[in-house]
Amino acid sequence: VGDSGVGKTTFLSSLCGNGKRKQRETKGCEVHVLEHTVVTQTHDLSTFITFWDISGDRFQRQIIEFYVERKADTLDGVLLFVDMTNIRTKENVKLWFDFLKSLAHKNHNTCLLYTSPSPRDRQKSRMPSSA
């Protein structure tokens with residue numbers, strides 16, 4: 001989760017091997033899947049990690065509420081993205097933590113990820129952040 005335009009989709013696409021995408025706004029929710037293999041002395045165990053990439057647009061908050069409430073038992077953690085070059089997204093970190101805390105039925109691990117757009121992306125007009 002995080003404000004619009006902080007790089008959530010770009011990060012997840014890269015992490016999950018979906019290549020570099022053109023910068024665009026996420027509408028609703030996209031699903032990214034990462035195959036992870038654990039190698040032990042006796043065997044290899046493959047597992048899949050599913051990431052729900054939900055739009056940071058303030059009008060999409062109900063989607064976040066839906067997934068957190070419905071998936072509370074299987075939700076292992078939350079990635080909270082912050083754009084270090086955008087003061088508004090840094091200011092909204094507490095709002096995001098408070099929002100997530102209000103939804104959670106159990107404590108979830110939250111990992112704070114700081115992003116920074118490439119110099120080329122900084123020259124492009126940016127989407128306004130929302131609280």
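Keep in mind it's a predicted model, so treat the numbers as computed, not measured.
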Q: Test side chain to side chain contact (heavy atoms under 4.5 Å, CB included) on Phe11 and Thr115 and set out the steps.
A: CA-CA 9 Å; Phe11 175 84; Thr115 62; 5.6 Å; no
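In terms of heavy-atom proximity, Met84 sits nearest to Lys90 at O-NZ, 3.4 Å. Smallest separation of non-hydrogen atoms from Gly56 and Ser4: C-OG, 3.3 Å. In terms of heavy-atom proximity, Gly2 sits nearest to Leu80 at CA-CD1, 4.1 Å. In terms of heavy atoms, Val1 sits closest to Lys8 at C-CD, 3.5 Å. Across every non-hydrogen atom of His32 and Ser13, the tightest pair is CE1-OG, 3.4 Å.
Side-chain contact annotation: Thr89 with Asp83, donor-acceptor N/O pair under 3.5 Å absent. Donor-acceptor pairing under 3.5 Å is recorded for the side chains of Thr37 and Ser46.
No path of Ile, Leu, Val, Met, Phe, Trp and Tyr side chains, each step under 4.5 Å between heavy atoms, connects Ile87 with Val93, placing them in separate hydrophobic clusters. One hydrophobic cluster holds both Val31 and Ile54 under the rule that ILVMFWY side chains link at heavy-atom gaps under 4.5 Å.
Remark: Asp53 CG to Leu12 CG distance equals 5.0 Å, nearest 0.5 Å.
Side chains of Val82 and Leu112 form a contact here, defined as non-hydrogen atoms less than 4.5 Å apart. Two residues are said to be in side-chain contact when any heavy atoms from C-beta on lie closer than 4.5 Å; Phe51 and Val33 fail this criterion. In this structure the side chain of Leu15 reaches within 4.5 angstrom of the side chain of Leu34, judged on heavy atoms.
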